[in-house]
There are 2 protein chains.
Amino acid sequence: MKQTGDLNLVKKINKSIVLHYIRNHSPISRARIAELTGLTKATVSSLVNELLESSLAHEIGTGKSSGGRKPVMLLFNRTAGYALGIDLGVHYIRAVLTDLNGVSVEEYKVQHDNAKVELAIAELKACIREMIRRAPESVYGIIGIGIGIPGISDGLGQVLFAPNLGWANVPLQQIIEDEFGIAVVIDNEANAGAVGEKEFGAGRDADNLVYISVGIGIGSGIIIKGELYRGSSGFSGELGHMSIQHDGGTCRCGNAGCWELYASENALYESARALLLGDKAGRKMEMETLLSLAEDGHEGVIKLFAQVGHFLGVGVVNIINGFNPERIIIGGRLAEAAKWLRPSMLQSMEGRSLPYPRERLQVEFSQLGSRSAVLGACSFAISKFFVSTKVSVE
Amino acid sequence: MKQTGDLNLVKKINKSIVLHYIRNHSPISRARIAELTGLTKATVSSLVNELLESSLAHEIGTGKSSGGRKPVMLLFNRTAGYALGIDLGVHYIRAVLTDLNGVSVEEYKVQHDNAKVELAIAELKACIREMIRRAPESVYGIIGIGIGIPGISDGLGQVLFAPNLGWANVPLQQIIEDEFGIAVVIDNEANAGAVGEKEFGAGRDADNLVYISVGIGIGSGIIIKGELYRGSSGFSGELGHMSIQHDGGTCRCGNAGCWELYASENALYESARALLLGDKAGRKMEMETLLSLAEDGHEGVIKLFAQVGHFLGVGVVNIINGFNPERIIIGGRLAEAAKWLRPSMLQSMEGRSLPYPRERLQVEFSQLGSRSAVLGACSFAISKFFVSTKVSVE
DNA sequence: TAAGTTTGTTTAATGGATTTACAAACATTC
DNA sequence: GAATGTTTGTAAATCCATTAAACAAACTTA
């Protein structure tokens with residue numbers, strides 16, 4: 001109950017709607033926008049002119065007539081500025097520069113050894129500096145920086161806790177904003193991945209989706225009614241620590257029989273070590289190794305993948321029954337093995353889930369691969385930009 | 001992207017805000033509302049006058065001066081109309097009439113034998129007729145009827161499927177609206193319970209909460225950001241069919257090791273039958289029996305409750321870790337045994353859940369008991385009324 | 001009694017959207 | 001090719017909810 005209504009709000013709402021149609025239905029004419037939105041032609045004209053002035057849209061020439069004056073077609077000016085997305089991994093930093101439509105124009109990846117907080121931040125800054133250098137000329141320049149982190153943030157730009165980085169209470173947003181003078185958004189890596197898939201990947205036109213990032217552990221991002229759900233303390237994404245075996249083995253989190261003990265890279269490697277102890281003893285277990293063994297027809301490894309796929313399905317069923325999303329997207333390293341996981345996953349899914357919530361559900365593997373989080377980070381930056389330029393509500 | 005902005009919308013928003021303050025901070029003066037909302041005194045005055053005209057508020061006299069003219073205190077007129085809530089159970093129909101604040105003024109309960117759809121509907125109509133007869137005189141009369149059903153609805157007033165009633169595709173909203181000419185809202189019983197607890201019970205001032213109705217099975221209602229989450233096909237509430245034992249026994253739903261096989265009335269009775277086969281053979285298992293045995297210090301029964309409490313905790317942990325709500329409310333028949341369930345439930349909860357999401361979490365048993373669903377149904381009716389009278393947004 | 005405060009209304013100004021009117025550009029038809 | 005009707009986009013007038021400013025009434029305090 002904070003936001004009261006006034007003329008300013010009305011304009012913001014309508015401008016946001018008009019821009020939405022220009023972004024998603026382009027090329028489009030003023031008349032058609034008026035028709036689709038219910039706003040009058042005069043209102044649309046006036047708002048479009050403001051968008052033209054602020055370089056967020058431009059006229060692309062006339063379109064086909066349908067029996068009268070030719071319409072002037074409008075296009076979203078996606079190169080009016082660029083968003084910088086960062087995926088801050090445990091051993092790497094991945095950066096992507098996108099235009100305002102989220103289309104990548106520059107990519108960059110560096111390893112970092114993650115020794116001390118200060119060093120990692122220095123690496124991060126160097127990486128950002130490099131991307132700024134590479135950015136094309138544009139009206140708005142770099143409009144924002146989104147950073148996905150392997151930990152939890154407080155929603156105010158602090159990294160509360162990132163165990164694998166060894167970080168606690170780092171005011172990362174402040175640090176980067178002070179350094180570059182550019183708006184910064186921080187969020188969990190799985191949340192970023194969820195937004196990435198929703199905006200640019202397998203989650204488009206889904207309003208309720210769950211993104212599951214299966215790597216060493218299992219993280220997740222939940223989108224409800226089109227908006228990221230962060231939980232009541234910014235901590236919604238630990239579906240990996242949902243127990244699927246109440247008397248199962250103890251997890252490092254304290255719970256028993258956690259999903260990620262059965263369906264994660266770690267789970268896979270552990271079984272693989274046991275299986276291959278004889279003929280491949282001592283070899284470091286890696287995804288590439290297992291994938292090539294499977295390609296070569298190694299039955300034991302193929303069965304291994306099938307087993308992990310089965311357990312993936314068991315957890316997915318819990319999400320389906322409890323949550324009834326319209327889409328579930330599996331991402332992370334393990335998604336690279338989609339080919340070997342899918343059949344058994346679908347089988348246990350179809351055998352176990354309730355028919356009603358399964359009806360309109362789609363389960364898919366990530367379309368963006370390892371880039372979903374970094375592209376989601378770009379989306380954070382873009383959203384923030386549109387809110388701050390008052391062409392978006394809330 | 002449907003709702004465009006215009007002056008009408010602005011007024012609706014502000015009127016809704018003003019009414020909100022009158023409802024929740026009464027008695028309150030115009031000046032204080034202006035101060036709290038940021039609206040000008042003139043705007044507040046004008047909106048309040050409209051609310052007075054429509055009988056939704058009234059002036060209660062002057063309040064204490066704080067060094068100037070005495071303020072005129074405003075009160076929400078909670079008896080301007082009455083809401084009728086119905087809990088359509090499998091063997092009973094419970095009806096409650098409340099004022100616009102959700103305070104009960106009439107209650108009624110009948111048994112029905114649930115033989116045929118037509119008969120049940122006839123019973124329902126008779127029940128509604130009786131409550132209408134009992135309703136006090138008021139400006140608006142019965143402002144709406146909310147009905148909670150043990151099944152799923154399509155959000156458009158159809159009961160899609162209610163297995164325990166034997167219903168499928170019954171256009172219940174249409175039927176009741178045609179009969180009485182009063183607006184009707186239909187929703188799942190667990191959803192109604194969640195709303196009931198949020199508005200009037202243990203869930204007040206919680207924005208993200210999960211209500212778990214533990215009866216014969218386990219149903220649930222999820223409230224996110226203050227709004228009911230119905231899932232993508234109106235079917236979000238089957239947390240009872242989340243597996244907590246991937247290789248556990250087969251459930252009637254097709255899944256294995258479902259939560260409700262371990263933590264429900266049925267689970268309790270089944271274990272109780274095994275336990276008491278010797279000394280109480282043949283006795284019909286009922287909650288009252290077990291509760292009185294526990295009160296008498298029967299150790300076996302006390303252990304039984306503790307075990308069910310433990311499994312309740314196992315499932316609750318999954319909700320905490322995956323969902324991070326700020327409140328979890330346990331309702332339904334089994335909540336009557338709160339005293340015997342709580343210790344073991346809390347124990348497994350605290351031993352198993354992640355510390356971060358547990359931090360701000362409260363787990364409580366229902367405050368409304370068997371009345372949560374029926375009061376939630378009233379809340380549905382009241383909300384719909386306020387939307388239709390344009391003193392509420394969306 | 002005088003001065004200052006608080007409350008709630010009145011009046012004029014503001015700035016959005018809508019309504020109505022209209023000119024330009026175009027396709028179609030005879 | 002001229003007449004007709006359609007479509008597009010702009011302009012002017014009007015509408016209306018909020019804001020800002022002024023004010024009167026009611027009250028406390030010194």
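In this text, all values refer to a predicted model and were calculated from it rather than measured experimentally. Just so you know, these numbers use all the heavy atoms, side chains as well, and skip hydrogens, waters and symmetry mates. Here is how names work: the chains are called A, B, and so on, in the same order as the sequence lines, proteins then strands, and each is numbered from 1.
Regarding B:K41, its NZ atom lies at a distance of 12 Å from the C1' atom of D:dA25, rounded to whole Å. A straight line from CG of B:L9 to P of D:dC16 spans 16 Å, rounded to a whole angstrom. Counting to the nearest Å, the P atom of D:dT8 and the CG atom of A:L36 are 11 Å from each other. Here the P atom of nucleotide C:dT7 and the CZ atom of B:R32 are 9 Å apart, to the nearest Å. Atom CG of B:N8 and atom P of C:dG15 are 22 Å apart (whole Å). Note: CG (A:L39) to P (C:dT18) measures 6 Å, nearest angstrom. To the nearest angstrom, P of D:dA20 lies 10 Å from CG of A:D6. Atom pair B:K12:NZ and D:dC16:P shows a separation of 17 Å (rounding to whole Å applied).
At a threshold of 4.0 Å, the pair B:R204-B:E197 does not count as salt-bridged, since none of the basic side-chain nitrogens sits closer than that to a carboxylate oxygen. With respect to the salt-bridge test (charged N to carboxylate O, under 4.0 angstrom), the residues B:D205 and B:K198 do not qualify. Salt-bridge annotation for A:E35 and A:R30: absent, with no side-chain N of the basic residue lying under 4.0 Å from a carboxylate O of the acidic one.
Taking the side chain of A:L7 as heavy atoms from C-beta on, and the options D:dT18, C:dG16, C:dA17, the nearest nucleotide is C:dG16. Nearest to the side chain of A:V72, among C:dG8, D:dG9, D:dC27, sits D:dG9.
Using a 4.0 Å heavy-atom distance criterion, B:A42 is classed as a base contact. Backbone-only contact: B:S66 has heavy atoms under 4.0 Å from sugar-phosphate atoms and none from a base. In this structure, B:V44 reaches neither bases nor backbone, as no heavy-atom distance under 4.0 Å exists between it and the strands shown. As judged by a 4.0 angstrom heavy-atom cut-off over every strand, A:S29 is placed among residues touching the sugar-phosphate backbone only.
Taking side-chain N and O atoms only, A:T40 has no distance below 4.0 Å to OP1 or OP2 of C:dA17. For the pair B:T43 and D:dA17, the criterion of a side-chain N or O lying under 4.0 Å from OP1 or OP2 is not met.
Comparing A:S46 and A:G67 against DNA chain C, the residue whose closest nucleotide sits nearer the 5' end is A:S46. Both A:T62 and A:K15 sit near DNA chain C, but only A:K15 has its closest nucleotide nearer the 5' end.
Between A:Y140 and A:F385, the two ring planes are perpendicular [angle over 60°; tilted spans 30° to 60°].
No side-chain donor-acceptor contact under 3.5 Å links B:D187 to the backbone of B:N191.
Within 3.5 Å, no donor on the side chain of A:R69 pairs with an acceptor on the base of D:dT7, nor the reverse.
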